[in-house]
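The residues of the chain are indexed from 1 along the displayed sequence.
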Amino acid sequence: MFEPSSLSAEWEDLLARRPHFRHSLCLYGVVLEAWGVWNPSAVRALGWSPEECRERWERGAALIAEAPPAFDPEALEPILGPVIEALAGIGEEEADAMRRFAEAWDEGRLGVPALLPGLQKGGENVPAALGISGDLLGFVGYLGLRPPLEAYFAQVRPYFSADFWDAGHCPFCAAPPAFGDIADDGKRWLSCALCGGRWTIGRLRCPFCDNRDARTLTRLSAEGAEEGYVVEACDLCRGYLKGVDRRLRWNAASPLIEDWGTPHLDLIARRRGYWRGTPSLVQLTAPDPGDEGA
């Protein structure tokens, strides 16, 4: 069950261990506060049967593709408002972009589908039309829609089995994975930061391009105080995924909190020329690797 209060407690514990990140990552505290006061009863949960869900999963269809949520825009404002305000505080460019976003949202020119990877139409370039970077627009969706999507998929979560799914994207909302875990039994689990879905995938497999050649799959392992944290990258598509080996770091927090609290791993991956499949604060605030040293 999605518990914002538990996430807040985990976040405070992580910041106590990494106090030097408290100021640079303060945006996430604002987000968690907004999540905590939002009322999930504003969303009508997907009511499909186990059989209906399994039929979609077994043919490789994420649930959102055939059952898109019909969220009331007004019900989302208690979350989107604080998220937009927090992102606008990053800088002048972000403030202007968030003003354009708010105007388009209020006028009905922009809706929930534009924030969900699984519902975006081919050829549609919403970021360009609004003059907003894709990373920033995606970040609005990831921070503003997580609780509503958790509520939407709550009733069908128990129906999922790893045996039903063999794809690199989320079986619920179709988003790319944001974090990877190696469990105590050695299985590799992927986590979705957009809706909270979890599923398994082979250890030697890129979730972005399905590359399974060990010679072109890179694993960067942290040492010392950071032992247990990893960056798994593909040298073909250049995508990467952060993760934690819970056999070595048994007290690690939930995937979302560990993802938010390890921006230094994102910087390491970026400097090596890898890209991330989901938006993050580092993408908005860190300089482009190609510009470093210029």
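Side chain to side chain, Tyr229 and Glu258 meet the donor-acceptor criterion of an N or O pair below 3.5 Å. Side chain to side chain, Thr262 and Lys242 meet the donor-acceptor criterion of an N or O pair below 3.5 Å. Side-chain N/O atoms of Ser280 and Asp266 include no donor and acceptor closer than 3.5 Å. Asp135 and Ser133 form no side-chain donor-acceptor contact under 3.5 Å, judged by distance and modelled atom types alone.
Using a 4.0 Å cut-off between charged nitrogen and carboxylate oxygen, Asp259 and Arg276 count as a salt-bridge pair. Under the 4.0 Å criterion applied to side-chain N and carboxylate O atoms, Glu226 and Arg18 are assigned as salt-bridge partners.
Ring centers of Trp199 and Phe164: at least 6.0 Å apart, outside the cut-off. Phe160 and Phe172 have their aromatic ring centers within a separation under 6.0 angstrom.
You'll find the side chain of Leu256 stays beyond 4.5 Å of the side chain of Phe179, heavy atoms only.
Both cation-pi conditions hold for Arg56 and Trp48: the charged atom is under 6.0 angstrom from the six-membered ring centre and inside a 45 degree cone around its axis. Figure legend: cation-pi geometry between Arg238 and Trp275 absent, as NZ or CZ is not positioned both under 6.0 Å from the six-membered ring centre and within 45° of its axis.
Expressed to the nearest 0.5 Å, how far OG of Ser221 lies from CG of Leu248 amounts to 8.5 Å. How far CH2 of Trp11 is from CZ of Arg22: 9.0 Å, rounded to the nearest 0.5 Å.
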